[in-house]
*Asks:* 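This is the structure I want to talk about, given as structure tokens.
Just so we're on the same page: letters track the sequence lines, and every chain starts at 1.
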Amino acid sequence: MSRSEQERIRRDARQSLEEMGVEPYPHKWDVTAHAADILDEFDDERRDPDEGERMNVSIAGRIRSLRVMGGSAFMDVQDESGTVQAYVRKGDLPEGVYDKLVGQHLDIGDLVGVRGHVFRTNMGEVTVRASDTFKLLSKALRPLPTPKEKEGETFNEVTDKELRYRQRYVDLIVNPDVREVFRRRAQLLSEMRDFLNERDFLEVETPALQPVYGGATARPFTTHHNALDMKLYLRIADELYLKRLLVGGLEGVYEIAKDFRNEGLSRFHNPEFTMMELYVAYKDYRWMMELTEKLFARLATKLHGGTTITFDGEDIALAPPFRRLPLFEAIEEHTGRDCYGMNEGELRDVARELNLEIDEAMGKGKLIDEIFSETVEPNLTQPTFITDYPVELSPLAKKHPDKEGLVERFELIVAGNELCNAFSELNDPDDQRARFEEQARLRAEGDGEAAPIDEDYLRALEYGMPPAAGLGIGIDRLAMLMTDQRSIRDVILFPLLRPESDAPE
RNA sequence: AGGCUCGUAGCUCAACUGGUAGAGCAGCGGCCUCUUAAGCCGCGAGUUGAGGGUUCGAGUCCCUCCGGGCCUACCA
């Protein structure tokens with residue numbers, strides 16, 4: 001562990017302050033105003049804080065820049081709402097306070113409290129003058145990066161992705177836009193809950209630790225419970241538990257929760273991610289499409305003031321209705337080939353002609369999925385419901401009454417990215433058992449993602465589950481769309497990274 | 001997992017074809033009671049991600065490893 005010169009100097013400064021009786025980490029500070037409120041109050045150029053009754057405030061925040069001029073100093077103080085300039089004058093403070101603190105041992109990055117009145121400088125900037133008190137609230141021992149700004153241009157901006165993800169606390173301090181992304185993500189979740197609660201859906205919580213996992217095609221994380229000496233899995237989906245609740249008589253339930261999938265990382269995948277799952281009794285997937293459209297339109301309107309949003313430089317129109325396009329029509333539209341009804345060999349030939357990477361282990365379902373995700377998905381910029389998937393890909397979905405070999409299912413694709421997955425839920429316990437057994441067969445053949453049989457879930461279905469529709473929305477990907485971020489790591493506060501080789505301290 | 005690419009001071013970046021590691025900000029000392037990328041004078045700051053190799057000489061070339069990014073793969 002070696003400290004940089006600047007760290008040693010700051011530790012020395014801390015010690016000097018303590019020796020002079022200045023507490024580097026005091027216990028509290030009364031905050032009466034935030035930067036944005038103060039600036040709002042006097043945003044009118046003509047309104048002068050010095051006129052009439054003075055506005056007295058007490059603010060707290062982090063020093064982002066410091067300009068000391070002998071007996072007085074200006075600093076930019078950043079709180080959660082934004083940044084306001086503060087002004088400290090030697091003559092305003094009790095004897096010695098200025099010299100001990102501001103003049104000598106105050107650094108960029110320190111947290112301070114400023115109490116006094118608001119005024120406008122000769123240059124016109126609304127400023128809090130420490131006419132009453134100036135106090136150190138927390139001494140920073142590490143130097144903060146010091147990006148600067150002039151006329152809208154930023155200098156020395158912190159751009160290192162590794163630093164930004166590993167030390168998100170620094171990122172949040174020096175890149176204020178990041179706060180806006182996560183505020184918007186929070187607003188998205190809040191609006192989604194409002195939307196669902198208004199419709200009388202019940203928010204529930206189901207186990208993240210599961211003795212049998214299911215509800216998706218993915219490899220799970222495993223863990224162990226000591227007292228029960230039992231192997232447990234981290235959930236890969238909420239689905240099977242939520243549908244048990246439909247059996248139990250709840251007619252509309254949803255859960256917003258973390259799922260965990262033991263898979264690779266990419267711009268679109270983090271091993272733990274947030275999913276909203278929703279199940280409604282007596283509805284089918286067509287009804288669910290309409291609900292999904294309404295939800296997306298509502299979110300866009302609340303977050304962006306209208307149903308058209310911008311993502312990666314393109315306008316995305318989220319006004320209902322969204323285009324509905326059956327999977328096989330989509331493939332035909334983009335490849336000129338009608339794959340519906342093809343057997344495995346024919347599908348393999350098509351995939352070869354399209355120069356797709358396939359292997360012998362891929363069955364019908366996977367081949368179709370491969371063809372679709374390579375040729376169609378990236379080209380779907382505007383929201384599109386892709387409907388009616390092969391039964392092989394959908395072991396929990398109800399068969400389509402008219403289309404042989406297909407199920408009533410849709411995925412919503414926006415900006416080339418899959419955001420939603422939904423279907424009419426399979427509630428025939430015997431059909432469900434047959435689908436599980438097919439999965440078990442694939443498992444036996446070495447498909448590590450095929451689902452295990454969940455006997456308790458089958459037992460629940462045997463008591464009778466109402467016809468129902470279910471929907472899953474990848475919240476992180478939706479947050480990407482709504483905040484115009486192209487990497488999932490930019491909408492997850494602490495994305496998974498490899499451990500640092502030389503961890504601090 | 002594979003390909004490409006990056007890693008230099010606290011931060012942002014330079015350093016030709018292999019020839020003494022530099023700048024701005026930040027920091028330290030001094031001046032300065034309306035500054036705002038504050039200013040002026042002076043100063044310090046580096047195991048060039050780690051290890052090995054080639055060479056008279058390596059930030060630069062080669063190999064291995066570590067970490068990041070992008071792409072591919074994996075991933076409904």
Side-chain angles (χ1 to χ4, degrees), chain A residues 2-10 12-13 64-76 83 85-92 98 102-104 107-109 119-125 127 129 140-166 170 174 215-219 236-237 261-271 273 327 357 359 365-366 368-370 372-374 377 386 389-390 392-397 409-411 413 418 420-423 448-449 472 474 486-487 489 497-502:
Chain A
S2 65
R3 294 200 177 105
S4 70
E5 179 191 38
Q6 297 199 36
E7 287 174 290
R8 289 193 297 271
I9 288 165
R10 280 162 179 251
D12 290 347
R64 288 298 311 284
S65 69
L66 183 58
R67 299 174 286 282
V68 181
M69 298 159 301
S72 75
F74 285 94
M75 63 195 75
D76 295 330
T83 300
Q85 181 168 261
Y87 180 50
V88 187
R89 249 174 115 86
K90 187 173 184 173
D92 284 347
Y98 182 93
V102 183
Q104 200 62 33
D107 288 301
I108 289 171
F119 74 109
R120 195 182 290 277
T121 65
N122 293 341
M123 297 303 290
E125 180 157 352
T127 301
R129 177 165 169 176
L141 298 179
R142 288 177 184 264
L144 196 64
T146 51
K148 307 233 171 170
E149 197 178 315
K150 187 184 188 181
E151 290 159 8
E153 198 179 348
T154 303
F155 303 82
N156 300 339
E157 193 174 6
V158 177
T159 54
D160 178 11
K161 286 278 175 74
E162 184 170 6
L163 189 157
R164 295 184 56 197
Y165 296 150
R166 279 195 204 283
V170 173
V174 302
T217 312
R219 289 184 175 83
I236 59 171
R261 298 187 184 176
N262 206 338
E263 290 159 356
L265 296 81
S266 81
R267 199 156 66 86
F268 300 106
H269 300 85
N270 195 62
F273 61 101
L327 176 67
E357 287 188 30
D359 61 67
K366 292 231 169 179
I368 291 164
D369 189 49
E370 177 71 13
F372 171 76
S373 36
E374 288 300 313
E377 201 168 48
I386 298 295
Y389 282 67
E392 294 87 349
L393 283 176
S394 317
L396 300 164
R409 170 177 171 184
F410 72 81
E411 290 190 354
I413 315 291
E418 174 201 333
C420 301
N421 183 24
F423 32 85
E449 288 153 13
R486 284 186 295 284
S487 172
R489 294 190 185 100
L497 299 177
R498 285 191 168 82
E500 287 176 271
S501 48
D502 50 344

*Asks:* P atom, B:C71 versus B:G27: distance in rounded Å?
*Replies:* 38 Å
*Asks:* Could you state the atom-to-atom distance from CZ of A:R129 to P of B:C34 in whole Å?
*Replies:* 11 Å
*Asks:* Just how far is it from atom CZ of A:F268 to atom CZ of A:R486, taken to the nearest 0.5 Å?
*Replies:* 10.5 Å
*Asks:* Check the geometry between A:F155 and B:A37 and answer yes if their rings are stacked (centres below 5.5 Å, planes below 30°), otherwise no.
*Replies:* yes
*Asks:* Kindly point out which of B:C32, B:C13, B:C70 is positioned nearest to the side chain of A:T159?
*Replies:* B:C13
*Asks:* When we call it a touch if two heavy atoms are under 4.0 Å apart, what does A:R409 touch: a base, just sugar-phosphate, or nothing?
*Replies:* base
*Asks:* Would you kindly give the CD-to-P distance between A:E7 and B:C11, to the nearest whole Å?
*Replies:* 10 Å
*Asks:* OP1 or OP2 of B:C34 versus the side-chain N and O atoms of A:R67: is any pair under 4.0 Å?
*Replies:* no
*Asks:* Counting Watson-Crick and G-U wobble pairs only, both distances under 3.5 Å, name the nucleotide matched with B:A73, or none.
*Replies:* none
*Asks:* For A:R164 and B:U12, give me the distance from atom CZ to atom P, rounded to whole Å.
*Replies:* 11 Å
*Asks:* Look at the side chain of A:S373 and the backbone N and O of A:E377, then say whether any donor-acceptor pair between them is shorter than 3.5 Å.
*Replies:* no
*Asks:* Between B:C31 and B:U12, how far apart are the P atoms? Round to whole Å, please.
*Replies:* 33 Å
*Asks:* Of the nucleotides B:C11, B:A38, B:C75, which has the atom closest to the A:M69 side chain?
*Replies:* B:A38
*Asks:* Report yes if the distance between the aromatic ring centroids of A:Y87 and A:F119 is under 6.0 Å, otherwise no.
*Replies:* yes
*Asks:* Considering only heavy atoms from C-beta outward, does the side chain of A:F74 approach that of A:M69 to under 4.5 Å?
*Replies:* yes
*Asks:* When you compare B:C16 with B:A21, how far apart are their P atoms, in angstrom units rounded to a whole number?
*Replies:* 13 Å
*Asks:* Within this structure, what is the CG-to-P distance between A:D76 and B:U35, rounded to whole angstrom?
*Replies:* 14 Å
*Asks:* Once you round to the nearest 0.5 Å, how far does CZ of A:R10 lie from CZ of A:R142?
*Replies:* 11.0 Å
*Asks:* Is it the case that the base of B:U36 and the side chain of A:E125 share a donor-acceptor contact (distance under 3.5 Å, atom types as modelled)?
*Replies:* yes
*Asks:* Could you please name the option among B:C34, B:C11, B:G68 that lies closest to any side-chain atom of A:N122?
*Replies:* B:C34
*Asks:* Establish, with yes or no, whether the OP1 or OP2 oxygen of B:U35 is under 4.0 angstrom from a side-chain nitrogen or oxygen of A:T127.
*Replies:* no
*Asks:* Roughly how far apart, to the nearest Å, are B:A1 and B:G22 at atom C1'?
*Replies:* 40 Å
*Asks:* Roughly how many Å is it from CG in A:L265 to P in B:C70, rounded to a whole number?
*Replies:* 11 Å
*Asks:* Distance between the P atoms of B:C28 and B:A38, in whole angstroms?
*Replies:* 15 Å
*Asks:* Any strand counts, and the cut-off is 3.5 Å on both contacts for Watson-Crick or G-U wobble. Which nucleotide pairs with B:A45?
*Replies:* none
*Asks:* Not counting sequence neighbours, which residues clear side-chain hydrogen bond (donor to acceptor under 3.5 Å, both in side chains) with A:R489? List them please.
*Replies:* none
*Asks:* Given B:C75, B:C34, B:G69, which nucleotide is nearest the side-chain atoms of A:E263?
*Replies:* B:C75
*Asks:* Could you work out the separation of B:G59 and B:U8 based on their C1' atoms and round it to a whole Å?
*Replies:* 7 Å
*Asks:* Go ahead and name the base partner of B:G39; Watson-Crick or wobble counts if both distances stay under 3.5 Å, otherwise write none.
*Replies:* B:C31
*Asks:* Does A:S65 contact B:U36 through a side-chain donor or acceptor facing the base, at a distance under 3.5 Å?
*Replies:* no
*Asks:* So if I take every side-chain heavy atom of A:M123 and compare against B:U36, B:C32, B:G67, which nucleotide ends up nearest?
*Replies:* B:U36
*Asks:* Say you pick atom P in B:G3 and the same atom in B:A9; how far apart are they, in whole Å?
*Replies:* 28 Å
*Asks:* Hey, does the side chain of A:R409 reach the backbone of A:N421 with a donor-acceptor pair shorter than 3.5 angstrom?
*Replies:* no
*Asks:* When all nucleic acid strands are considered with a 4.0 Å heavy-atom cut-off, which category describes A:Y389: base, sugar-phosphate, or nothing?
*Replies:* nothing
*Asks:* From the set B:C71, B:G69, B:U36, return the single nucleotide nearest to any side-chain atom of A:Q85.
*Replies:* B:U36
*Asks:* How would you label the contact of A:R267 with the nucleic acid (heavy atoms, under 4.0 Å): base, sugar-phosphate, or nothing?
*Replies:* sugar-phosphate
*Asks:* Quick one: what's the B/S/- string for nucleotides 21-29 of chain B, heavy-atom cutoff under 4.0 Å, read 5' to 3'?
*Replies:* ---BSBSSS
*Asks:* Base, sugar-phosphate, or nothing for A:D160, non-hydrogen atoms under 4.0 angstrom?
*Replies:* sugar-phosphate
*Asks:* Any side-chain to backbone donor/acceptor pair from A:Y389 onto A:L327? Under 3.5 Å, distance only.
*Replies:* no
*Asks:* Would you give the length of the straight line joining atom CD of A:E153 to atom NZ of A:K150, rounded to the nearest 0.5 angstrom?
*Replies:* 9.5 Å
*Asks:* Identify the nucleotide, in any strand shown, that forms a Watson-Crick or G-U wobble pair with B:G24, with both distances under 3.5 Å; if there is none, say none.
*Replies:* B:C11
*Asks:* Can you tell me which nucleotide in B:C70, B:U35, B:G67 comes closest to the side chain of A:F74?
*Replies:* B:U35
*Asks:* Tell me whether the side-chain N/O atoms of A:R498 come closer than 4.0 Å to OP1 or OP2 in B:G68.
*Replies:* yes
*Asks:* Partner of B:G51 by Watson-Crick or G-U wobble geometry, both contacts under 3.5 Å, or none?
*Replies:* B:C63
*Asks:* What I'd like to find out is whether the side chain of A:V174 reaches to under 4.5 Å of the side chain of A:E157, using heavy atoms alone.
*Replies:* no
*Asks:* Taking all heavy atoms of A:R219 and all of A:I236, pick out the closest pair and write down the distance.
*Replies:* O-CG2, 4.2 Å
*Asks:* Please report the distance, rounded to the nearest Å, between NE2 in A:H269 and P in B:U72.
*Replies:* 12 Å
*Asks:* On a whole-Å scale, what distance lies between the C1' atoms belonging to B:U64 and B:G10?
*Replies:* 30 Å
*Asks:* Once you apply a heavy-atom cut-off of 4.0 Å, does A:V68 come out as touching a base, just sugar-phosphate, or nothing?
*Replies:* base
*Asks:* Describe the nucleic acid contact of A:A218 in one word from base, sugar-phosphate, nothing, applying a heavy-atom distance below 4.0 Å.
*Replies:* sugar-phosphate
*Asks:* Just to confirm, is there a sub-4.0 Å distance from OP1 or OP2 of B:A38 to any side-chain nitrogen or oxygen of A:K150?
*Replies:* no
*Asks:* What integer distance in Å separates A:R142:CZ from B:C11:P?
*Replies:* 11 Å
*Asks:* Rounded to the nearest angstrom, tell me the gap between atom CD in A:E157 and atom C1' in B:C13.
*Replies:* 14 Å
